[in-house]
Colleague: 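Before anything else, here's the structure in question.
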Amino acid sequence: MKYVLLFVETEEFARELEAMGPAERGRAFERVNEWFAAHAGKITGGQKLREAETATTVRLGAGEPVVVDGPFVEGKEVVSGYTEIDVADLDEALRMVRTWPGCPVVEIRPVETVPME
């Protein structure tokens, strides 16, 4: 079963990361790299995203599309990256996420498989 893990940073998490000294911040990133290495056999893709301020949003609906700078919502939580995984089931995805050492929120979303014609 394929899932996407959406890594969500909160304002509090960003402040805590910023307040860390270089050595402590380096160790935090090292733990994240170790997590990716430990699960490398199940990870099929993914990337860290640039800051939410770099986003461009297109609002579709009545009339012409409206293009605006920035994320689609103003909020205290921002998706900062994603990883695609291929695991047996949701339970296995949950076991992986329970050991995630990074940002405090991870959304697990199944990938919709559409048959190719």
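Everything numeric in this text was worked out from a predicted model, so none of it was measured.
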Colleague: Taking only residues two or more places apart in sequence, or in another chain, which ones meet N33 in a side chain to side chain contact (heavy atoms under 4.5 Å, CB included)?
Modeller: none
Colleague: Would you say M96 ends up clustered with V32 if hydrophobic residues are merged whenever their side chains have heavy atoms under 4.5 Å apart, either directly or through other cluster members?
Modeller: yes
Colleague: Please say yes or no: joined through hydrophobic side-chain contacts below 4.5 Å, possibly via intermediate residues, are V97 and F7 part of one cluster?
Modeller: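 They do share one cluster, since a chain of ILVMFWY contacts under 4.5 Å joins V97 to F7.
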Colleague: Partners of T44 by side chain to side chain contact (heavy atoms under 4.5 Å, CB included), sequence neighbours excluded?
Modeller: E84, D86
Colleague: What are the two closest non-hydrogen atoms of M1 and P110, and how far apart are they?
Modeller: CE-CB, 3.8 Å
Colleague: I85 versus L5: any side-chain heavy-atom pair under 4.5 Å?
Modeller: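 The answer is yes; the side chains approach within 4.5 Å.
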Colleague: Would a 4.5 Å heavy-atom cut-off, applied to side chains only, mark L17 and F29 as touching?
Modeller: yes
Colleague: Any pair with a residue in residues 16-30 that passes side-chain hydrogen bond (donor to acceptor under 3.5 Å, both in side chains), sequence neighbours left out, goes on the list, sorted by first then second residue, please.
Modeller: R27-E30, R27-E34
Colleague: About how many Å separate CD of E9 and CZ of R15, when rounded to the nearest 0.5 Å?
Modeller: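 Rounded to the nearest 0.5 Å, the CZ-CD separation comes to 12.5 Å.
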Colleague: With salt bridge (Lys or Arg N to Asp or Glu O under 4.0 Å) as the rule and sequence neighbours excluded, what pairs involving residues 99-109 come up?
Modeller: E107-R109
Colleague: Mind checking whether Y3 and T83 have side chains closer than 4.5 Å, heavy atoms only?
Modeller: no
Colleague: When clusters are formed by joining ILVMFWY residues with side-chain heavy atoms under 4.5 Å apart, either directly or through shared neighbours, do L6 and I108 land in the same one?
Modeller: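 In one cluster: no.
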Colleague: Would you indicate whether the side-chain heavy atoms of K2 and T113 approach each other to under 4.5 Å?
Modeller: no
Colleague: Between V8 and V106, is there shared hydrophobic-cluster membership here, with clusters defined by ILVMFWY side-chain heavy atoms closer than 4.5 Å?
Modeller: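 V8 and V106: separate clusters.
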Colleague: Who pairs with T99 by side chain to side chain contact (heavy atoms under 4.5 Å, CB included), at least two apart in sequence or on another chain?
Modeller: W35, H39
Colleague: Please verify the inter-ring angle class for F36 with W100; under 30° counts as parallel, over 60° as perpendicular, anything in between as tilted.
Modeller: perpendicular
Colleague: Let me check something: do Y82 and V111 share a hydrophobic cluster, defined by ILVMFWY side-chain heavy atoms less than 4.5 Å apart, either directly or through other members?
Modeller: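 Yes; V111 is reachable from Y82 via cluster members.
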Colleague: Taking the hydrophobic residues Ile, Leu, Val, Met, Phe, Trp and Tyr, and joining any pair whose side-chain heavy atoms are under 4.5 Å apart, which ones share a cluster with V67?
Modeller: V58, L60
Colleague: Would you check if V79 and L49 make a side-chain contact, meaning some heavy-atom pair closer than 4.5 Å?
Modeller: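 Contact flag for V79/L49 side chains = yes.
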Colleague: Given side chains that start at C-beta, do those of E92 and K42 come closer than 4.5 Å, heavy atoms only?
Modeller: yes
